[in-house]
Amino acid sequence: DSSQTSLDLSVAKDETEPDYAHWQLLRSAEEGDVEGVTALLRAGASPSWPHPRGQRTALHLAARQGHVGVIAALMEGGALVEAKDALGRTALMEGVRRNQTAAVTCLIDTFGADLRATDTDGMDCVTHAIDHLNSDMAAVLIDRGGELREDVRAMAAEADKRFRDPAAERRVEEMLSAGFVQDGKFIDDSVYLFQDDPEYVAWVEQREKQKERQ
């Protein structure tokens, strides 16, 4: 979930615990500590040890935070670039979801990360980019061989129409103000139904954050 800033890395407090080095590896990877990561790997920490809750590895955390140096250190230490978490997401997907372009290009260009791998929902990297309304990231992926599937193309076109067209944005604002939206969908049969629509939900969240800052 992109709203989560970090994993709970506070469980292993005692250096005598068997997985202490692994917990420290996750923490160092998330913090971008290249020297710490390198030292832990040399001491025998497994580069692809998964967090017990969520199954994210140090590579997931490094990609998520955009720490290219840590990514390189982990890969040189034998990390599995295609390791998946509990949702079937790779480190590359995490980088895409957090818009970490340098990490994404490093994983693809240097370490051969699979652009077409899919998670448990059947979403590949390009789909994740479009799902997060990030056309620039989608372009980076497509330039490197990513596939814009037909179902994703339709989603992208609809998202572009709704989020980039000022008239469409005003229409959504009008409907919100008029009470045409309930539980994440339009209830007026004359307009597009947004039930379970991730772009619509993201749009509402973005608007709410903008209002809070004003």
Side-chain angles (χ1 to χ4, degrees), residues 1-129 131-132 134 136-138 140-141 144-146:
D1 187 345
S2 61
S3 65
Q4 294 177 329
T5 56
S6 64
L7 294 173
D8 178 9
L9 302 181
S10 62
V11 179
K13 307 179 183 67
D14 189 340
E15 291 186 26
T16 63
E17 294 183 21
D19 286 322
Y20 178 81
H22 292 134
W23 287 98
Q24 290 301 112
L25 181 65
L26 294 181
R27 185 188 299 278
S28 296
E30 185 175 51
E31 293 175 350
D33 181 1
V34 178
E35 290 184 1
V37 166
T38 301
L40 287 161
L41 292 173
R42 287 175 179 169
S46 171
S48 294
W49 186 78
H51 189 287
R53 186 171 62 252
Q55 301 298 297
R56 283 184 183 146
T57 67
L59 193 63
H60 284 90
L61 299 181
R64 183 179 173 84
Q65 300 298 335
H67 298 316
V68 175
V70 173
I71 290 172
L74 289 167
M75 292 303 301
E76 289 169 7
L80 301 175
V81 72
E82 301 303 332
K84 293 189 175 185
D85 65 13
L87 297 175
R89 292 174 183 163
T90 62
L92 179 59
M93 292 177 192
E94 286 296 301
V96 168
R97 289 168 58 82
R98 293 298 293 269
N99 194 28
Q100 301 289 1
T101 304
V104 166
T105 55
C106 173
L107 285 165
I108 298 169
D109 297 346
T110 306
F111 300 111
D114 186 1
L115 283 157
R116 302 195 180 193
T118 57
D119 62 16
T120 54
D121 291 323
M123 297 175 67
D124 61 11
C125 288
V126 174
T127 309
H128 278 293
D131 187 48
H132 281 67
N134 193 334
D136 290 338
M137 178 62 77
V140 167
L141 298 169
R144 286 165 169 77

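All heavy atoms count here, side chains included; hydrogens, waters and symmetry mates do not.
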Asker: Between Val70 and Asp33, is any pair of side-chain heavy atoms under 4.5 Å apart?
Answerer: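 Counting from C-beta outward, Val70 and Asp33 never come under 4.5 Å.
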Asker: Would you say the side-chain atoms of His51 pair up with the backbone N or O of Arg53, donor to acceptor, closer than 3.5 Å?
Answerer: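 Flag set: sc His51 to bb Arg53 pair under 3.5 Å.
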Asker: With a 3.5 Å distance limit and no angle check, can you tell me whether Lys84 reaches the backbone of Thr118 through a side-chain donor-acceptor pair?
Answerer: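 Yes, Lys84 side chain to Thr118 backbone: donor-acceptor pair under 3.5 Å.
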Asker: Does Ser48 use its side chain to pair, donor to acceptor, with the backbone of Leu80 at less than 3.5 Å?
Answerer: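 The answer is yes, because a donor-acceptor pair under 3.5 Å joins these two groups.
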Asker: Indicate every side-chain donor-acceptor pair of residues 105-112 with a distance under 3.5 Å to a residue at least two apart or in another chain.
Answerer:
from: Thr105; atom 1: OG1; to: Thr101; atom 2: O; distance (Å): 3.0
from: Thr105; atom 1: OG1; to: Ala102; atom 2: O; distance (Å): 3.1
from: Asp109; atom 1: OD1; to: Arg144; atom 2: NE; distance (Å): 2.9
from: Asp109; atom 1: OD2; to: Arg144; atom 2: NE; distance (Å): 3.2
from: Asp109; atom 1: OD2; to: Arg144; atom 2: NH2; distance (Å): 3.2

Asker: So do the side chains of Leu74 and Leu25 get within less than 4.5 Å of each other, counting heavy atoms only?
Answerer: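 With C-beta onward as the side chain, the pair touches.
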Asker: Any donor and acceptor pair, going by atom type alone, linking the side chain of Arg56 with main-chain N or O of Arg89 inside 3.5 Å?
Answerer: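 Absent.
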Asker: Where do Thr90 and Asp114 land on the side-chain contact (heavy atoms from CB on, under 4.5 Å) test, with the steps shown first?
Answerer: CA-CA 9 Å; Thr90 62; Asp114 186 1; over 6 Å; no
Asker: Does the side chain of Arg27 come within less than 4.5 Å of Glu30's, by heavy atoms?
Answerer: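 Side-chain contact under 4.5 Å: no.
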Asker: Taking atom CD of Glu31 and atom CD of Gln24, what is their separation to the nearest 0.5 Å?
Answerer: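 Between atom CD of Glu31 and atom CD of Gln24 there are 8.5 Å.
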Asker: Is there side-chain contact between Arg97 and His132, with heavy atoms separated by less than 4.5 Å?
Answerer: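 Yes, at least one pair of side-chain atoms sits under 4.5 Å.
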Asker: Using every non-hydrogen atom in the two residues, find where Ile71 and Ala63 come nearest and quote the distance to one decimal.
Answerer: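 Distance-wise, the nearest heavy atoms are CD1-CA, 4.0 Å.
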Asker: In the structure I gave you, are the side-chain heavy atoms of Glu94 and Asp85 within less than 4.5 Å of one another anywhere?
Answerer: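 Glu94 vs Asp85: side chains touch.
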Asker: Just do the side-chain contact (heavy atoms from CB on, under 4.5 Å) check on Asp119 and Leu87 with the steps written out, would you?
Answerer: CA-CA 6 Å; Asp119 62 16; Leu87 297 175; 5.6 Å; no
Asker: In terms of ring plane angle, is the pair His22 and Trp49 parallel, tilted or perpendicular, where the classes change at 30° and 60°?
Answerer: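 His22 vs Trp49 ring planes: parallel.
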